[in-house]
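Worksheet: one structure, shown below.
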Amino acid sequence: MTAPLPDLTEQARHTSPRAGAVPDTAAHALTGRRRIAFAAYVDENYLPGFLTLLRSLALTNPGLCEDFVVLYDDLRPSSVARIRALHPRIVLRPVDAGHYDSYAKGDQHNYLVRKAYFILDVFRIRDYDTVITLDTDMVVLGDLGELLRLREGLAAVPQFFHGRHKLNSGLLVIQREYLTDAFCARLDETGRTGAYELDKHDQGILNAVLDGEFTRLDARYNFVKRRLSGDLEVPEDVAILHFTGRHKPWQGGEAGYARAEERWHEYEMTDDEFRAAFAALPAGAGVHHDLLVHLGTAHVARTGDPETARRVASAHIAAGEYQEAVDVLGRVRLTVDDSAGHEVLGHALMSVSRYDEARTHLLLAAADPGRAAVACARLAQIAWVHGRDDEARRHANTGLSVDPTHRPSRIWAERTRPGAALPGQQQGAPEDQLAHVAFYMERQGNAGDKLLPESVRQAFGADTTSRRWHPVHAHRLFDRAALERVNARRGLVIGGGGLFIPDTMPNGASGWQWNVSDEALRAIDVPIVVYAVGFNAFDGQSYRARRFAESLRLLVERSAFFGLRNHGSIEKVRAMLPAALRDKVRFQPCPTTVARHIVPGWSDPVRRQDTVLLNAAYDRAGLRFGHDYGHFLAETAKAVRAIGERAEVRCVAHALEDERIAFDLRREHGISLPVIPMYDYDNDRIRETYADTRLVVGMRGHAGMIPFGLGTPIVSLISHPKMAYFLRDIGRPEWGVSVHDRDLGAVLTERALGILDDHEATVADVHARQAELWEVTRENAAEIKALLDR
């Protein structure tokens with residue numbers, strides 16, 4: 001039975017911060033992204049071992065930086081400080097020694113006994129989907145990526161003990177089905193009845209409960225010291241070396257294990273030596289942002305090393321932390337010929353709108369042929385932001401003369417060629433026009449962003465030309481001349497798209513995509529309409545800058561109408577506002593979702609091609625996929641094969657990088673898909689393509705919203721909260737599946753085939769849900785018209 005439609009009109013009127021249609025839910029709950037943590041029980045006696053473990057983990061797996069849960073019951077504050085100095089994501093969790101009094105055996109003050117009990121507290125953790133335990137007498141020697149990709153069950157290295165296989169102590173990979181109250185109750189019951197054996201060789205209670213039922217891991221992930229008796233060499237493929245037994249390397253070691261202990265001592269170093277070793281890792285080592293910032297910043301503060309400062313600054317820039325990048329490079333002295341340092345500093349400075357300083361550093365970088373193309377593209381960007389197109393084109397052409405394949409330089413050359421500026425800015429009479437702030441995408445840019453400005457205008461009327469509209473590119477500096485042009489119009493419309501995002505064309509004026517200062521915003525004296533804007537932060541991405549929050553508050557104050565495109569964005573934005581402004585934030589669906597009602601002359605297709613269009617997105621791939629890209633690709637391959645038996649599956653690329661799904665499916669799974677280069681289509685052809693297919697399986701937000709708006713059924717591949725926001729708004733969360741879903745292939749196949757089987761009814765359902773969005777849009781349009789006609 002079809003669920004009743006939500007009353008979106010009432011939601012638009014009455015959504016409040018506490019009782020909204022979409023609660024302020026954690027992003028990972030919407031995207032399904034797995035939360036992974038390491039865990040260990042640590043006490044004062046074994047602290048030296050744990051510090052060495054942390055150092056070895058960072059130096060051998062610099063791309064990993066998950067939370068590390070420290071279970072403890074007697075650590076001194078100074079010891080906690082030493083731990084925190086080595087890792088940026090330490091989570092302290094005290095254990096309850098009294099919990100195990102009722103079934104303790106032996107001396108509870110013995111570390112081995114205490115550890116055997118207290119490690120059971122790992123199963124009381126509820127904050128993570130996967131927990132990996134490590135012992136404090138381990139040292140990491142190799143890649144642990146395989147452990148983080150495990151998704152089911154409880155995994156450990158087996159040992160043959162008293163005639164049967166049991167799990168070896170130390171390393172456990174525990175999935176969420178074991179991190180439950182029910183499993184903890186089984187552990188407690190076994191402990192209280194005493195139906196277990198506890199000694200230094202096994203996990204006692206846990207082994208008794210599992211009774212051999214666990215996933216077997218290769219011995220290289222828990223390679224015990226005793227296998228190296230007689231000073232044997234540690235095998236090259238060992239990933240984790242475990243110093244079982246009473247004699248630990250930091251306590252003097254044990255005869256017969258000299259070569260093994262040499263491997264442990266490789267990571268016995270001072271904090272300064274550790275940071276220097278981390279800073280010396282090769283640039284291509286895939287170092288994690290959090291580790292690099294945590295360890296590299298301290299190293300720069302001590303040594304003033306410009307190379308490390310540059311790497312730390314680059315990490316900050318990649319995460320949208322532009323002022324932090326400026327700060328860390330400001331602590332070191334760059335020589336005139338340090339072109340790499342000047343290029344990164346110039347990038348950081350322009351991102352906080354310190355343009356003159358940025359130009360100086362980028363000109364120094366451009367003197368190096370190896371950096372010239374990148375530096376010239378950034379110089380072109382600065383000139384374009386300030387409206388100096390001729391200068392921008394000269395810099396872009398210089399970059400292309402050095403490297404004809406440099407894409408950013410080619411983009412700026414194309415954007416600034418004669419005749420490529422925003423068309424027809426003066427064709428209409430100012431008093432008949434609305435100014436329109438938007439991100440105006442080039443021909444070969446993202447298809448969704450290309451369609452959006454026209455879709456916003458269509459929501460205001462059929463005439464989308466310069467007779468009625470004056471374009472204002474969001475990324476250009478909103479200077480006095482631009483302000484005068486806007487104030488000469490009837491009003492100012494800002495939208496659509498995810499303009500509230502910190503790292504697309506960053507600036508220091510506002511902290512979001514429109515490059516507008518508070519002074520200029522206050523000087524706008526025509527009605528301001530914020531229309532269908534989205535709050536586009538990814539899971540794991542945040543707006544840290546105070547500048548954005550201040551600019552946002554002023555924008556809401558100054559707006560006559562402030563409409564966001566989903567209730568998730570409404571909740572996020574309202575949370576950043578004082579109480580007096582929250583009710584001004586309204587629901588206005590993205591106009592692409594009601595395209596059938598606003599595109600002039602639109603008629604629904606009589607017949608559709610027997611095709612299914614597949615879209616995947618790769619911008620900020622680490623935030624989208626985490627450790628699960630291989631899983632996503634394999635599960636997608638299963639679904640493509642199954643769906644392909646019913647309809648032809650084609651890859652649709654909104655942006656050039658979206659074609660990667662076709663390349664990877666062919667290379668890894670032998671599946672060849674035709675590619676539709678939608679990034680090269682005009683708006684009419686984009687709409688025609690999405691209306692002419694039976695189903696779209698899309699990861700980009702507008703790979704869902706555009707086809708939906710044209711009456712085409714969708715299944716969203718959720719890697720960003722905004723996908724879940726939209727599906728929840730239309731009352732169809734089942735039309736989405738997380739890219740992290742364990743059974744992604746089966747779920748996607750079931751939902752896609754279900755839609756194809758009942759296609760006519762699903763199209764009718766899309767139309768009905770769209771009708772609710774259209775009703776909200778019509779009511780808002782009447783209110784906006786009244787505001788503009790005053």
query: Near E750 CD, under 6.0 Å, is it more than 12 heavy atoms from other residues, nucleotides or ligands?
result: no

- request: Kindly write out the residues that satisfy salt bridge (charged side-chain N to carboxylate O under 4.0 Å, His left out) with D604, not counting sequence neighbours, or none if the list is empty.
  value: R596

- prompt: Hey, would you say the F562 and Y531 ring centroids sit under 6.0 Å apart?
  reply: no

query: Just by distance, do the side chain of R35 and the backbone of D127 share a donor-acceptor pair under 3.5 Å?
result: yes

- prompt: Less than 4.0 Å between a side-chain N and a carboxylate O, is that true for D729 and R565?
  reply: no

- prompt: Among R151, R742, R176, whose salt bridge (charged side-chain N to carboxylate O under 4.0 Å, His left out) with D129 holds?
  reply: R176

message: Any salt bridge linking D682 with R685? Criterion: basic side-chain nitrogen under 4.0 Å from a carboxylate oxygen.
response: no

query: Does a side chain donor of either N446 or Y679 reach within less than 3.5 Å of an acceptor in the other side chain?
result: no

task: Keeping to residues at least two apart or across chains, list the ring-ring contact (aromatic ring centres under 6.0 Å, His included) pairs with something in residues 687-712.
output: H654-Y690, F708-F726

message: Parallel, tilted or perpendicular, judged at 30° and 60°: which one describes the rings of F632 and Y629?
response: tilted

query: So F439 and H475, would you call those rings parallel, tilted or perpendicular, with 30° and 60° as cut-offs?
result: tilted

message: Looking at E66 and R34, is any side-chain nitrogen of the basic one under 4.0 Å from a carboxylate oxygen of the acidic one?
response: no

